[in-house]
Structure formats: structure tokens, C-alpha cells
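As the structure is a prediction and not an experimental result, all values here were calculated from the model. Just so you know, ligand 1 is whichever comes first in the structure, and atom 1 is the first atom listed for that ligand.
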Amino acid sequence: MQVYEAPIRDMRFVLEELHNDDGFGDVEGFEDFDSDVTTAILEEAGKLCKEVLLPINWSGDQEGCKLENGTVSTPKGFQDAYRQFCEGGWAGLGVAEEWGGQNAPHALGKMVEEMTCSANLSFGLYPGLTNGAMVALEAHGSDELKQFYLPKMANGEWSGTMCLTESHCGTDLGMLRTKAEPQDDGSFLVTGNKIFISAGDHDLTSNIVHLVLARLPDAPAGVKGISMFLVPKYLPNADGEPGDHNKAGPTAIEHKMGLKASATCQMSFDGSKGWMVGEPNKGLEAMFTMMNTERVAVGIQGLGVGEIAYQSAVYYAKDRLQGRSLSGVKNPDGPADPIIVHPDVRRMLMTMRAYNEGCRALSAWVSRALDASHSAREPEARERATDFVALMTPVVKALFTDLGHESAQLAVQVYGGHGYIQESGVEQFARDARIAQIYEGTNGIQALDLVGRKLPHRMGRNLRSFFHPVSQFCEDHAADADIGKLVGSLQQSFGALQLSTGHIAQKGLKDPEEAAAAASDYLRLLGFVAMGYCFAKAAKVAHAKLAEGSSEEAFYKAKLTTAQFFFDRLLPVATAQFMAIKSGKASMMELPEDAF
Ligand SMILES: Cc1cc2nc3c(=O)[nH]c(=O)nc-3n(C[C@H](O)[C@H](O)[C@H](O)COP(=O)(O)OP(=O)(O)OC[C@H]3O[C@@H](n4cnc5c(N)ncnc54)[C@H](O)[C@@H]3O)c2cc1C
């Protein structure tokens with residue numbers, strides 16, 4: 001049973017109550033999005049997700065996409081849902097007004113993204129990719145390309161893709177072979193084959209705007225010889241309507257483990273007309289604008305799946321009768337008690353709940369920083385926010401998707417054997433969530449990005465944007481009567497993180513393999529400390545609200561219990577990663593290859 005109600009109260013909590021003291025100061029340009037408007041948007045989005053997207057989640061998984069006569073059709077109901085999505089203005093929620101969007105803050109946009117990914121992850125990919133393509137085009141495209149393409153993408157009439165991967169190269173894009181030949185009119189003819197292209201073709205929009213990485217004839221080898229091109233499926237006429245087919249289309253749909261209603265295509269570009277976006281040989285940098293947006297978005301996918309997995313598991317745990325409670329019968333009129341009475345089932349439910357609340361709180365902090373990085377009034381705050389987003393992007397991508405997948409697996413476990421059966425609907429979550437750990441740069445690559453690039457960047461400036469508020473908070477609240485104990489645990493984990501940072505910096509300087517061997521453990525530890533900081537702050541807010549006699553006692557008490565569970569059960573396990581980090585690379589790298 002797939003059960004979903006948008007967690008609007010918790011979203012409002014992290015948006016309005018938790019991060020008011022984040023130090024980024026005034027963020028300008030979002031004055032229209034006050035509390036009432038924000039709540040109304042969240043409620044409308046929640047309704048769309050529950051009533052339109054959720055009902056076609058499981059059926060979309062069962063039916064999948066089809067490729068016939070060179071075009072892809074999406075499962076039943078997707079076209080209608082996409083029409084409703086666009087009519088509601090959701091495609092342009094975070095897009096600048098200049099292009100016809102609503103210019104909503106990222107902090108709000110990410111909450112709506114979370115809902116979409118909970119209700120229907122496959123569906124969420126179509127507008128998600130368009131969003132990322134728009135960000136890259138806005139940052140690097142010529143004025144002419146922007147004027148022509150962005151308004152139609154902002155209203156959802158046209159969609160976008162990112163075409164990087166080829167059969168012989170995914171992580172190592174320096175090897176890519178697709179070519180782009182310059183033409184006299186300033187355009188390029190793009191030729192090559194791509195694989196694994198999300199939303200590569202479909203029937204939701206009248207045109208598809210592919211952003212393709214390719215090489216110019218005289219390009220240097222490796223990543224320094226990659227340029228980016230905009231290649232539309234249909235060449236637009238002078239009046240902006242789709243005209244001739246551009247010989248850019250799907251040759252096959254990949255047969256995947258999950259995410260079956262998202263069309264992942266093998267694509268052929270056969271002398272397809274395109275235009276360069278950004279500068280020659282700087283395509284990978286330009287694509288990184290899109291990939292950084294997408295990496296945070298993929299992290300949110302993990303959270304989205306984690307939330308629906310949790311809600312579906314709670315529903316079942318209250319309904320399924322097995323065994324009796326160890327503390328005395330709870331359902332005397334029934335043949336057994338509901339399984340939610342059992343501590344082991346509670347362990348799973350509380351773990352999922354804490355992961356979701358922790359990730360949501362951290363995502364709100366990162367999204368506020370994303371907004372502040374563009375729009376904080378003070379230049380110093382903009383810089384600090386930029387540093388923080390840079391540090392946290394790989395953490396959000398990798399940690400949220402790992403935890404989202406773990407939650408999906410726990411939901412299957414809560415359902416027992418029924419969870420393994422398709423009709424339960426929950427095994428779909430585990431299959432769907434799995435890809436988020438792989439695409440947009442695998443989670444292993446995110447960890448390398450964190451330790452190899454983000455930590456040393458400008459002598460540790462990124463890290464300071466995070467360490468400073470955490471250490472200040474610990475100092476200020478160590479003796480706090482309400483949260484002092486939690487802060488003590490946070491300090492311990494933070495200490496382990498600081499030692500780990502020093503260890504990696506020292507050993508990694510002499511031997512980069514040492515830093516690489518520690519990277520994934522380090523990312524997890526950093527992410528858990530960040531969530532711990534958010535939980536400690538949440539506990540502080542909750543205590544204050546309860547003390548002033550808030551009418552939402554149940555909400556704030558539950559927040560305290562979840563925070564306590566996180567500190568009791570989850571943070572100590574993450575803190576132990578320090579032991580793994582300290583152990584170094586030896587036992588990992590010692591075996592000769594032929595011993596495997
Ligand atoms: C459903 C789906 C949708 C996708 N959508 C898109 C899309 O829209 N556009 C697009 O361009 N691509 C897309 N991809 C491709 C995806 O981004 C790649 O699969 C991913 O980046 C990994 O590349 P790869 O599969 O070639 O794995 P490889 O690069 O071969 O990696 C294999 C393993 O080796 C590890 N590894 C590789 N290099 C290193 C290293 N230097 N250090 C440590 N470990 C390393 C990886 O972490 C991984 O575990 C999609 C893939 C799937 C399955």
C-alpha cells in the first residue's frame with residue numbers, strides 16, 4: 001500500500017522556525033512568499049501529489065515506457081498529470097519572472113520537489129531535468145538562446161535533458177567521443193551516441209531541448225576538450241514552434257531495475273543541428289552548473305522516497321496484527337496486537353522518521369544558503385552561503401540517497417514477506433530509490449569530491465562555513481538545562497569529525513589514496529553531525545514552544561522524542577566511522593589484484 005500525505009507541518013517547521021538564525025541575514029526578492037503564501041503553495045502541491053501523481057505511481061511502474069516508431073510513450077495518466085502540473089504553474093515555480101516563472105525561493109521549491117519525488121519519482125524526473133537544463137542555459141547560454149528557449153521550458157511546454165554518458169564513459173567523461181562540427185552559420189552538427197539519458201524522449205512535451213557534451217574537431221584530449229551544445233529534438237521555426245525533426249532521437253529504452261515510468265533512453269545524434277552553450281572546451285564546467293543543481297535535486301529524491309516509505313510502513317505497522325506486545329496485550333478484542341507495538345518494528349519506524357526529519361532540516365538549511373548565495377543583502381553573507389552550498393552539495397546528494405534507500409529497505413522489512421511482493425507497492429520504493437545513489441555522479445564520487453575538492457578549497461573556507469556555526473552553537477548551549485545533554489553528544493561527534501578532518505588533511509597530503517580510502521566514511525560522519533546540529537536546534541525550538549504553552553504540544557513533543565532517538569541510536573553509530581577513517585587504507589588496498 002503506497003500511502004502519502006505531504007508532511008506540511010514539518011516542512012513549515014524547518015522553513016519558518018528552525019533556521020531563522022542561520023547568519024545569512026536578509027535575503028532579498030522573495031517578499032511575496034510570506035508564511036500564508038508558503039503554506040498555501042505547500043498545501044496545493046500536496047494535493048496535486050496525493051490526488052494526481054500518487055495514483056499513477058504504481059501503475060506507471062507496472063506499465064513502463066514504450067518506444068514505437070521512433071518515439072517514446074509514457075504510461076497511462078502521465079500526459080494528463082503533466083498537463084495539470086504545468087497548468088498549475090509548477091514547472092516554473094523557482095524560475096525567474098523574466099522567463100515567465102514565479103521566482104519562488106529554493107527553500108520552498110525543494111519542499112515541493114520532495115513531495116513530487118515522494119508521490120511519483122519517475123514523474124518528478126521530467127520537470128526535474130528541465131529545471132537543471134534551464135539553470136545551465138540561464139548561466140551560460142547566449143541571450144538569443146535564452147530568449148528563445150527559456151520561456152517555453154519555464155511553462156513546461158518544452159522539456160530538457162542532459163546528455164553526457166556514453167557506453168564507454170560515465171564517471172570519466174574525459175573519454176567521450178561525440179563530435180561537433182562547426183558550420184558557416186554559427187551552428188554545429190553534432191554526431192554521436194549517448195546512453196542512459198533520462199527523459200531522452202517522451203510524449204509529455206511538444207519539443208525536447210537536449211544539452212549535449214561533445215568535442216570540437218581541434219579539441220584537446222580529456223576533460224579540457226569538451227564543449228556543450230543545445231540540440232533540440234525539433235528545430236524551431238521562426239515563430240518559435242517545433243519544425244523539422246533534427247535527427248536527434250532515441251534508439252532504445254533501457255530495461256531498468258526501477259524508475260520504470262521515467263524514459264531512460266539510448267540516443268543517437270546524427271549530424272543534428274545544435275548551438276554552443278558557453279565557451280569552447282569549457283562544456284564540462286558549464287554542465288557542472290546543471291549537475292550541481294541536479295545533485296541537490298537527486299538528494300531530495302532520496303528524501304522523497306524515504307518519506308513515502310516511512311508513511312507506508314507506519315500505515316502497515318498499525319494495521320498488521322501479529323503477536324502480542326511484551327508489555328501486555330494492547331488489542332484485547334483482536335487475535336493479536338498490531339506490529340507497531342514491537343520494539344524491533346519501532347526501531348525501523350523511528351530510524352526512517354529520524355532520517356527524514358534530519359534530512360529535511362538539513363535540506364532546508366542548504367536551500368536557504370542557496371537562496372542567500374544569490375540574494376543575501378550582504379556580500380559577505382553571499383560568499384559564506386556559497387561556500388556552505390559547495391561543501392554540502394555532495395553531502396546532500398550522497399547521504400540523502402543512501403538514507404532514502406535504507407528507509408525503502410526498512411519499509412520492505414516492516415511489511416515482511418508482503419513487502420517483497422509487488423502488489424504491496426513498497427518494493428517499488430527500494431527499486432526506484434536505488435538509482436539515486438548512482439546517477440549524477442555515484443555516491444563514491446561525491447565523497448571524493450568532498451574530500452578532494454571541497455575540503456581543501458581556499459584553505460578550508462567551505463568547511464569553516466559549517467564548522468563555525470556548529471562550534472558556536474555547542475559553546476552557547478553546552479550548559480543549557482533543556483538541550484545540554486544533546487549538545488554534549490553533538491560535541492563528541494563534532495570532535496570526531498574535526499579529528500577526522502585533520503587526519504585526512506595530513507595523510508592525504510602525502511598519499512592521496514589515504515584520503516580516498518576515508519572519503520565515504522567521512523562524508524557520512526559530516527552529514528550526521530550536520531543532522532545532529534539541526535536536531536539539537538529543533539529540540540531547542542520545541543522546548544521553547546512547549547514552555548510557552550503551544551497548542552501544538554503533540555508536534556513539539558514528537559520532535560523532542562525523534563531528536564532523542566537520533567542522538568541515542570543513530571549519531572553514535574555514525575561517530576564510530578572515525579575508527580574506520582583512522583584505520584587508513586592498508587587493509588583496503590593490501591590484497592594483490594589476483595587475490596580477488
Ligand atoms: C536510470 C539512469 C538514468 C541516468 N540518467 C542520465 C542522464 O540523464 N544523463 C546522463 O548523461 N547520464 C545519465 N545516467 C548515467 C549515470 O550518470 C552514470 O551511470 C553514472 O555517472 C556512473 O557512470 P557509469 O555507469 O559509467 O559507471 P562507471 O563510471 O563505470 O563506474 C563504475 C564504478 O566505479 C566507480 N568509479 C569510477 N571511477 C572512479 C574513481 N575515479 N574513483 C573511485 N571510484 C570510481 C564508480 O563509483 C562506480 O561504483 C543515468 C544512469 C541510469 C542508470
Side-chain angles (χ1 to χ4, degrees), residues 61 64-65 72 121-122 124-133 136 159-178 192-202 208-214 222-223 226 228-229 231 248 250 252-267 269 283-284 286-288 290-295 297-298 301 305 394 397-398 401-402 405 431-453 508 512-523 585 588-589:
D61 176 64
C65 295
V72 171
L121 185 58
S122 284
L125 251 71
Y126 295 99
L129 263 300
T130 307
N131 239 339
S159 63
T161 72
M162 49 189 276
C163 301
L164 291 70
T165 307
E166 299 178 6
S167 57
H168 61 287
C169 67
T171 303
D172 190 356
L173 290 168
M175 295 196 287
L176 71 81
R177 294 183 190 136
T178 297
N193 296 307
K194 299 282 179 181
I195 62 165
F196 299 169
I197 304 306
S198 298
D201 198 68
H202 55 81
I208 302 175
V209 182
H210 303 292
L211 292 184
V212 185
L213 291 186
V223 289
I226 297 173
M228 182 159 85
F229 300 88
V231 182
I253 298 186
E254 310 288 2
H255 300 117
K256 310 192 293 281
M257 172 179 177
L259 210 67
K260 297 200 180 212
S262 160
T264 312
C265 299
Q266 293 177 18
M267 300 289 293
F269 297 91
L284 202 57
M287 191 57 97
F288 259 103
M290 176 169 187
M291 281 159 69
N292 280 332
T293 306
E294 289 300 311
R295 282 178 177 178
V298 172
Q301 293 178 7
V305 178
K397 194 295 181 174
T401 57
D402 280 352
H405 184 252
R431 287 186 289 106
D432 283 0
R434 188 65 185 85
I435 184 58
Q437 298 168 290
I438 298 170
Y439 59 20
E440 278 316 323
T442 62
N443 285 0
I445 296 299
Q446 302 303 317
L448 291 179
D449 178 43
L450 177 66
V451 301
R453 289 201 198 97
E513 266 189 358
E514 284 287 356
S520 289
D521 294 304
Y522 182 82
L523 184 146
K585 72 168 191 180
M588 199 182 272
M589 300 305 285

Sequence neighbours left out, what passes ring pair (Phe, Tyr, Trp, His ring centres under 6.0 Å) with Tyr522? Give chain and number order.
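Tyr522 satisfies ring pair (Phe, Tyr, Trp, His ring centres under 6.0 Å) with no residue once adjacent residues are dropped.
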Give a yes-or-no answer on whether the side chains of Asn193 and Gln266 include a donor-acceptor pair shorter than 3.5 Å.
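No, because no side-chain N or O of Asn193 sits under 3.5 Å from a partner of the opposite role on Gln266.
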Can you name the salt bridge (charged side-chain N to carboxylate O under 4.0 Å, His left out) partners of Arg434, sequence neighbours left out?
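Per chain and number, Arg434 pairs via salt bridge (charged side-chain N to carboxylate O under 4.0 Å, His left out) with no residue.
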Contacts of Asp521 that satisfy salt bridge (charged side-chain N to carboxylate O under 4.0 Å, His left out) - sequence neighbours left out
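With sequence neighbours excluded, Asp521 shows a salt bridge (charged side-chain N to carboxylate O under 4.0 Å, His left out) to no residue whatsoever.
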Tabulating one pair per line, provide the atom names and distances (0.1 Å) for every N/O atom of ligand 1 that is less than 3.5 Å from a protein N/O atom.
| from | atom 1 | to | atom 2 | distance (Å) |
| --- | --- | --- | --- | --- |
| ligand 1 | 5 (N) | Phe196 | O | 2.8 |
| ligand 1 | 5 (N) | Ser198 | OG | 2.8 |
| ligand 1 | 8 (O) | Ser198 | N | 2.9 |
| ligand 1 | 8 (O) | Ser198 | OG | 3.3 |
| ligand 1 | 9 (N) | Met162 | O | 2.7 |
| ligand 1 | 11 (O) | Leu164 | N | 2.9 |
| ligand 1 | 11 (O) | Thr165 | N | 2.9 |
| ligand 1 | 11 (O) | Thr165 | OG1 | 3.1 |
| ligand 1 | 12 (N) | Thr165 | OG1 | 2.7 |
| ligand 1 | 14 (N) | Phe196 | O | 3.4 |
| ligand 1 | 26 (O) | Gly170 | N | 3.3 |
| ligand 1 | 29 (O) | Thr171 | N | 3.0 |
| ligand 1 | 29 (O) | Thr171 | OG1 | 2.5 |
| ligand 1 | 47 (O) | Thr442 | OG1 | 2.6 |

Could you tell me if the side chain of Thr165 sits less than 4.5 Å from the side chain of Lys194, heavy atoms only?
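Answer no - side chains too far apart.
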Exercise: identify the closest heavy-atom pair between Lys256 and Thr264:
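Looking at all heavy atoms of both residues, the closest pair is NZ-OG1, 2.8 Å.
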